[in-house]
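Here the structure comes first, spelled out in structure tokens, and everything after it is commentary.
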2 protein chains.
Amino acid sequence: MPGGNCQRQEWWHGKFRCCGYRLTLGREAILDILSKSEGHLSAEDVYMKVHPKYPNVGLTTIYRTLNVLSNLGIVCKLDFGDGRSRYELAEGTEDTHHHHHLVCTNCNKVIDYTDFIDEELELLRKTEKGLGAKYNFKITNHIIQFYGLCDKCSGKE
Amino acid sequence: MPGGNCQRQEWWHGKFRCCGYRLTLGREAILDILSKSEGHLSAEDVYMKVHPKYPNVGLTTIYRTLNVLSNLGIVCKLDFGDGRSRYELAEGTEDTHHHHHLVCTNCNKVIDYTDFIDEELELLRKTEKGLGAKYNFKITNHIIQFYGLCDKCSGKE
DNA sequence: TTATTAATGGAAACCATTTTCATTAAGGAG
DNA sequence: CTCCTTAATGAAAATGGTTTCCATTAATAA
Ligand SMILES: [Mn+2]
Ligand SMILES: [Mn+2]
Ligand SMILES: [Zn+2]
Ligand SMILES: [Zn+2]
């Protein structure tokens with residue numbers, strides 16, 4: 001089996017090491033799940049997916065790790081207003097790309113979209129610069145989200 | 001005293017009546033507070049302001065009323081990521097105008113801004129139309145928020 | 001005025017997340 | 001490799017904003 005035990009370093013190992021974080025089984029498992037699933041998992045979702053393979057990784061560790069990953073900029077913590085935080089791999093990691101979200105207020109379906117992203121980015125740049133100057137505010141982050149009814153939910157009225 | 005006891009109807013009475021909601025002392029008190037204070041009050045903030053004058057209005061009623069007002073479109077429910085919902089009079093009521101928010105992630109200060117609002121609205125219209133068509137999604141609402149450090153918090157590093 | 005039933009307050013429940021604390025194990029030194 | 005320091009962990013308990021329950025009150029229409 002070629003490449004079998006060449007223990008290639010995952011891309012996140014560097015970030016961990018240089019910040020003094022230890023590489024534990026739980027953390028690897030969580031990152032592994034996040035890479036393989038697509039988007040918007042809650043802490044419990046992650047737990048459910050990690051548990052079968054690693055039954056001794058507790059929910060507390062999921063929360064703690066997601067927090068660390070979020071601080072490291074490896075994952076994004078999202079809020080779609082359903083009372084629990086959701087997480088996705090951050091832009092730039094793996095093959096993730098900059099996008100925003102369309103949220104159905106009825107069934108909680110979430111659509112990633114990238115349409116008009118260039119115009120958005122242009123406006124964001126302008127706004128960040130303008131507001132930064134005017135209010136002396138150092139902007140590090142932004143949220144753009146649209147809420148409404150998805151095709152199914154608006155159909156059945 | 002001219003106009004003293006002419007019991008003029010507040011602007012929200014109509015909205016209440018036509019939806020079958022009763023006009024209670026608690027609801028009037030809460031709307032009164034919301035009109036007089038400016039922006040971003042938590043349920044408990046409202047409770048604190050209502051309590052001195054109406055000690056028999058409970059926190060539960062504050063939550064329930066804010067919920068009703070939110071459903072009626074009279075107030076906006078906001079989330080700045082500090083673990084509690086915040087409320088402000090909706091656009092179009094009183095002298096409130098369309099604006100978005102700048103949130104300090106360190107001290108939780110919130111700045112209302114209206115700069116670039118025209119470009120924003122233009123983009124929003126375009127996006128809503130485009131996404132509505134593409135995903136057959138009926139957009140009713142949006143969030144735009146910037147996060148970062150305010151002048152004081154970025155100064156003291 | 002009376003009847004109907006929406007609205008209410010207080011206590012308890014809810015539930016995502018955090019804290020506590022005793023135990024485990026990652027990773028550097030030798 | 002072994003030993004040592006201490007970061008990381010799991011389970012249980014605590015936290016805290018919000019909701020639910022239920023007996024009581026009061027807004028509104030007849
Ligand atoms: Mn996404
Ligand atoms: Mn505001
Ligand atoms: Zn839907
Ligand atoms: Zn600040």
Side-chain angles (χ1 to χ4, degrees), chain A residues 7 9-10 12-31 33 40-48 50-72 74-75 77-87 108, chain B residues 7 9-10 12-31 33 40-48 50-72 74-75 77-87 108:
Chain A
Q7 73 251 38
Q9 301 277 70
E10 295 289 350
W12 61 74
H13 286 200
K15 280 208 171 182
F16 266 85
R17 283 259 152 66
C18 77
C19 296
Y21 288 111
R22 293 180 181 177
L23 279 167
T24 67
L25 215 84
R27 287 173 176 176
E28 300 254 31
I30 291 166
L31 269 163
I33 286 301
H40 319 142
L41 278 62
S42 67
E44 197 168 1
D45 289 340
V46 174
Y47 177 72
M48 291 311 206
V50 167
H51 194 70
K53 216 171 180 180
Y54 303 89
N56 41 356
V57 171
L59 184 55
T60 310
T61 291
I62 307 282
Y63 275 106
R64 276 188 289 227
T65 300
L66 287 173
N67 210 37
V68 167
L69 294 177
S70 180
N71 291 146
L72 286 177
I74 294 175
V75 310
K77 189 174 183 178
L78 306 170
D79 173 17
F80 298 139
D82 66 340
R84 72 197 59 199
S85 293
R86 302 196 164 264
Y87 303 84
N108 293 321
Chain B
Q7 71 248 44
Q9 302 277 69
E10 294 289 350
W12 60 75
H13 286 199
K15 279 206 172 184
F16 266 85
R17 284 260 152 65
C18 78
C19 295
Y21 288 112
R22 294 181 180 175
L23 278 167
T24 66
L25 213 85
R27 287 174 176 174
E28 299 252 33
I30 291 165
L31 268 163
I33 286 301
H40 320 139
L41 276 64
S42 67
E44 198 170 358
D45 289 340
V46 175
Y47 177 72
M48 291 310 207
V50 167
H51 193 70
K53 215 170 179 182
Y54 303 89
N56 41 354
V57 171
L59 184 56
T60 310
T61 291
I62 306 282
Y63 275 106
R64 276 188 292 228
T65 300
L66 288 172
N67 211 37
V68 167
L69 294 177
S70 181
N71 291 145
L72 286 178
I74 295 175
V75 311
K77 189 175 182 177
L78 308 169
D79 174 17
F80 298 139
D82 66 339
R84 72 198 60 198
S85 293
R86 301 195 166 264
Y87 303 84
N108 293 321

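Here is how names work: the chains are called A, B, and so on, in the same order as the sequence lines, proteins then strands, and each is numbered from 1.
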Exercise. Please state how far atom OH in A:Tyr47 lies from atom P in C:dC15, giving the value in whole angstrom units.
Key: 18 Å

Practice problem: List for me each residue that meets salt bridge (Lys or Arg N to Asp or Glu O under 4.0 Å) alongside B:Arg27, sequence neighbours excluded, and say none if there are none. | Solution: none

Practice problem: Taking the side chain as every heavy atom from C-beta outward, state whether A:Phe16 and A:Leu69 have any atom pair closer than 4.5 Å. | Solution: yes

Quiz item: When the distance from CG of B:Asp45 to C1' of D:dG17 is rounded to whole Å, what number comes out?
Solution: 13 Å

Quiz item: With B:Tyr54, which of B:Leu25, B:Ile33, B:Ile30 fulfils side chain to side chain contact (heavy atoms under 4.5 Å, CB included)?
Solution: B:Leu25

Quiz item: Rounded to the Å, how far apart are B:Asn67 CG and D:dT19 P?
Solution: 6 Å

Self-check item: Side-chain heavy atoms of B:Arg86 within contact of B:Asp45, under 4.5 Å
Solution: yes

Quiz item: Among C:dA7, C:dT17, D:dA8, which is the nearest nucleotide to the side chain of A:Arg27?
Solution: D:dA8

Quiz item: Whole Å only: how far is the CG atom of A:Leu66 from the C1' atom of D:dA8?
Solution: 15 Å

Practice problem: Would you mind reading off the distance between B:Glu44 atom CD and D:dT18 atom P, rounded to a whole angstrom? | Solution: 9 Å

Exercise. May I have the distance from A:Phe16 (atom CZ) to C:dA26 (atom C1'), rounded to whole angstrom?
Key: 13 Å

Exercise. Just jot down the side-chain hydrogen bond (donor to acceptor under 3.5 Å, both in side chains) partners of A:Asn67, sequence neighbours excluded, or say none.
Key: none

Quiz item: Distance check: side-chain N/O of A:Tyr63 vs OP1/OP2 of C:dT17, anything under 4.0 Å?
Solution: yes

Exercise. Please report, rounded to the nearest Å, how far the P atom of D:dG17 is from the OH atom of B:Tyr87.
Key: 12 Å

Quiz item: Can you tell me how far C1' of C:dG10 sits from NE2 of B:His51, to the nearest Å?
Solution: 13 Å

Quiz item: Among all residues two or more places apart in sequence or in another chain, which pass the salt bridge (Lys or Arg N to Asp or Glu O under 4.0 Å) test with A:Arg64?
Solution: none

Self-check item: Sorted by number, the residues of residues 77-86 of chain A with heavy-atom contact under 4.0 Å to DNA chain C
Solution: A:Gly83, A:Arg84, A:Ser85

Quiz item: What one-letter contact string describes nucleotides 21-30 of chain D from 5' to 3', where B marks a base within less than 4.0 Å of any protein heavy atom, S marks contact via sugar-phosphate atoms alone, and - marks no contact?
Solution: B-----BS--

Practice problem: Please lay out, stage by stage, how A:Leu72 and A:Tyr21 fare under the test side-chain contact (heavy atoms from CB on, under 4.5 Å). | Solution: CA-CA 10 Å; A:Leu72 286 177; A:Tyr21 288 111; 3.8 Å; yes

Quiz item: Do the non-hydrogen side-chain atoms of A:Val46 and A:Tyr87 ever get within less than 4.5 Å of each other?
Solution: no

Practice problem: With sequence neighbours left out, write down each residue that passes side-chain hydrogen bond (donor to acceptor under 3.5 Å, both in side chains) with A:Asp79, or none if nothing qualifies. | Solution: none

